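To start, the structure itself, in structure tokens.
Keep in mind that what you see is a predicted model, and the values were worked out from it rather than measured. Each ligand, and each atom within it, is numbered from 1 in the order the structure gives. Quick note: residue numbers are just sequence positions, from 1.
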Amino acid sequence: MAKKLGAAIMGAGWVSGEHVRAYQANPNVDVVAVGSRRLATAKAKAAELGLDVPCYEDYDKLLADPNVDIVSVCSPGGVHVEQGVKAAQAGKHVLMEKPMCVDLDGAKKLRDAVAKAGVRSVVSFVLRWNPLINIIKNQLADNAVGKIMYGEFAYFHAIGPWYPGFEHYCSKEGTGNAMLCGGCHAVDAMRYFMQDKIVEVTAYSTRSDEPPFDKIQYDPTIVAICRWAGGAVTKVACSFECNCPYMFDILLMGTKGTIRDNRYYGDKCLGTFGHPEIGRGQYDWVTWPTILPDSGDVSHHPFQGEIDHLVECIQAGRESHVNVADAYDTHELCIAATLSAERGEPVKLPL
Ligand SMILES: NC(=O)c1ccc[n+]([C@@H]2O[C@H](COP(=O)([O-])OP(=O)(O)OC[C@H]3O[C@@H](n4cnc5c(N)ncnc54)[C@H](OP(=O)(O)O)[C@@H]3O)[C@@H](O)[C@H]2O)c1
């Protein structure tokens with residue numbers, strides 16, 4: 001049996017507990033350290049999770065700990081590049097919470113450092129392990145939609161002072177912009193399904209300026225239209241100043257069928273049983289009963305799948321489908337869309 005890997009978290013807040021629980025449930029990993037900006041926070045998280053491990057406020061000391069093989073970077077977005085680059089340079093594998101950066105320069109630095117160090121990386125687009133996202137991915141591989149010509153994707157999540165991390169989610173320094181803060185989940189799902197490159201984006205953004213959303217330093221509502229190399233067009237939207245339950249919308253329209261969230265209409269369900277005179281057998285959507293990406297609560301997110309995947313990648317010496325190099329394109333689109341909204345003109349990619 002391969003040696004167990006040692007995992008550490010850096011940034012002992014809300015999401016870090018889910019990382020720890022998932023590492024603890026993986027038989028090939030031990031959680032060996034907890035770090036945070038303040039030692040008291042690291043110690044409190046370790047106690048909450050029943051961990052008797054070294055706690056650090058000095059990140060360099062955490063990285064120097066020989067038991068640490070993997071670092072889960074769970075701090076606010078504004079320090080992710082610095083912490084991810086240092087971890088890679090120390091030879092540690094990294095699980096980067098999103099956003100992995102707050103600007104393009106940071107995205108490049110992190111991408112280059114991870115590539116140079118040759119460590120494994122996963123960026124926490126955890127919905128790639130959501131059952132509905134998996135079903136859709138399998139249906140696309142089975143050609144249920146055919147050539148995709150149009151798609152719509154959205155992340156609508158009301159955040160306010162009640163939300164953990166509201167302070168860093170509100171600031172440009174802490175999270176970059178609305179697309180990087182949360183819309184990146186919708187952008188990542190869109191890219192995962194489309195399997196193509198975006199060549200141009202045009203976006204518009206807005207704000208209400210009503211409390212509590214007036215605290216948000218960037219426009220908390222943005223919509224972007226993307227043109228893809230293969231000819232498709234898609235729309236991706238994000239809002240934090242909405243008054244609705246958490247919503248994650250998916251629409252994929254192609255030559256052979258359409259997927260709308262967990263519903264399908266198309267050629268796979270013709271069902272005329274050899275009697276074409278009765279027309280299409282299917283006259284309405286079929287529904288896949290499954291777990292939807294319909295909650296903003298981290299305890300609902302499939303971190304177990306994500307962390308088991310990272311461990312498999314490390315042990316097999318294989319690159320993840322959602323490594324830093326792949327996630328670079330998601331972050332680039334988030335940055336390009338915001339630039340387009342600010343400049344009032346289309347932006348071509350790559351930047
Ligand atoms: N993938 C997902 O679905 C998902 C879900 C939720 C959150 N996230 C991401 O995870 C990250 C953390 O979010 P969260 O909701 O867990 O926030 P949070 O509850 O505010 O936790 C962040 C923690 O980091 C610590 N911290 C602050 N500055 C630090 C620094 N410079 N170095 C190390 N630790 C620092 C803070 O504690 P002290 O300052 O007291 O040490 C705080 O407890 C964000 O990037 C967020 O976008 C991702």
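Close contacts between ligand 1 and His168 involve ligand atoms 13 (O), 17 (O), 18 (P), 20 (O) [criterion: under 4.0 Å to a heavy atom]. For ligand 1, the atoms closer than 4.0 angstrom to any heavy atom of His80 are 45 (O). Atoms of ligand 1 lying under 4.0 Å from any heavy atom of Val126, numbered from 1 in the order shown and given with element: 3 (O). Counting the atoms of ligand 1 from 1 in the order shown, those under 4.0 Å from a heavy atom of Val15 are 4 (C), 5 (C), 6 (C), 7 (C), 10 (O), 16 (O). Counting atoms of ligand 1 from 1 in the listed order, those under 4.0 Å from a heavy atom of Gly165 are 20 (O). The atoms of ligand 1 that sit less than 4.0 Å from any heavy atom of Gly77 are 45 (O). Applying the 4.0 Å criterion to heavy atoms of Trp14 picks out, from ligand 1, the atoms 15 (O), 16 (O), 18 (P), 19 (O), 21 (O). The His301 neighbourhood of ligand 1 comprises atoms 3 (O), with distances under 4.0 Å to a heavy atom of that residue.
Residues Ser320 and His309 have side chains that bring a donor and an acceptor to within less than 3.5 angstrom of each other. Between the side chains of Ser239 and Thr221, at least one donor N or O sits under 3.5 Å from an acceptor N or O. Using modelled atom types and a 3.5 Å distance limit, the side chains of Tyr59 and Glu57 yield no donor-acceptor pair. Donor-acceptor pairing under 3.5 Å is recorded for the side chains of Ser124 and Glu97.
Around atom CG of Asp297, more than 12 heavy atoms belonging to other residues, nucleotides or ligands sit under 6.0 Å away. Taking a 6.0 Å sphere around CD1 of Ile225, one finds it holds more than 12 heavy atoms contributed by other residues, nucleotides or ligands. Other residues, nucleotides and ligands contribute only 12 or fewer heavy atoms inside 6.0 Å of the OH atom of Tyr204. Taking a 6.0 Å sphere around CE of Met194, one finds it holds more than 12 heavy atoms contributed by other residues, nucleotides or ligands.
Of the N or O atoms in Ser16, none lie within a sub-3.5 Å distance of an N or O in ligand 1.
For the residues Pro76, Pro293, Cys184, the heavy atom positioned nearest atom 27 (C) of ligand 1 is part of Pro76. Between Glu97, Glu57, Glu18, it is Glu97 that holds the heavy atom closest to atom 1 (N) of ligand 1. Distances from atom 32 (N) of ligand 1 to the heavy atoms of His19, Lys45, Gln83 put Gln83 nearest.
Here the heavy atom of the protein found nearest to atom 37 (O) of ligand 1 is Ser36 OG, 3.4 Å. Residue, atom and distance of the protein heavy atom nearest to atom 29 (C) of ligand 1 are Arg37 CB, 3.5 Å. Ranking protein heavy atoms by distance to atom 45 (O) of ligand 1, first place goes to Lys98 O, 2.9 Å. Atom 21 (O) of ligand 1 has its closest protein heavy atom at Gly13 CA, 3.2 Å. Scanning the protein heavy atoms around atom 7 (C) of ligand 1, the nearest turns out to be Tyr169 OH, 3.1 Å. In terms of protein heavy-atom proximity, atom 11 (C) of ligand 1 is closest to Ser75 O, 3.4 Å. Considering only non-hydrogen protein atoms, atom 22 (C) of ligand 1 sits nearest to Cys74 O, 3.8 Å. With hydrogens left out, the protein atom closest to atom 40 (O) of ligand 1 is Thr41 OG1, 2.5 Å, a heavy atom.
Geometrically, Lys43 does not engage Tyr56 in a cation-pi contact, judged by NZ or CZ lying under 6.0 Å from the ring centre and within 45° of the ring axis. Within the cation-pi definition used here (under 6.0 Å to the ring centroid, within 45° of the axis), Lys137 qualifies as a partner of Tyr192.
At a heavy-atom distance under 4.0 Å, no atom of Phe125 approaches ligand 1. For Ala12, every heavy-atom contact with ligand 1 shorter than 4.0 Å involves the backbone, none the side chain.
Using 4.0 Å as the threshold, His185 has a heavy atom nearer than that to some atom of ligand 1. Tyr163 does not count as a contact of ligand 1, since none of its heavy atoms falls under 4.0 Å from the ligand.
In summary, of the residues considered (Arg128, Lys197, Arg111), a salt bridge (charged side-chain N to carboxylate O under 4.0 Å, His left out) with Asp326 occurs for Arg128 alone.
Between Trp228 and Val199, the closest heavy-atom pair is C-CG2, 4.1 Å.
For an aromatic pair to be called close, the ring centres must be under 6.0 Å apart, and Tyr246 with Tyr155 satisfies this.
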Evaluation steps, side-chain hydrogen bond (donor to acceptor under 3.5 Å, both in side chains), between Ser208 and Glu241: CA-CA 8 Å; Ser208 70; Glu241 57 182 343; 3.0 Å; yes

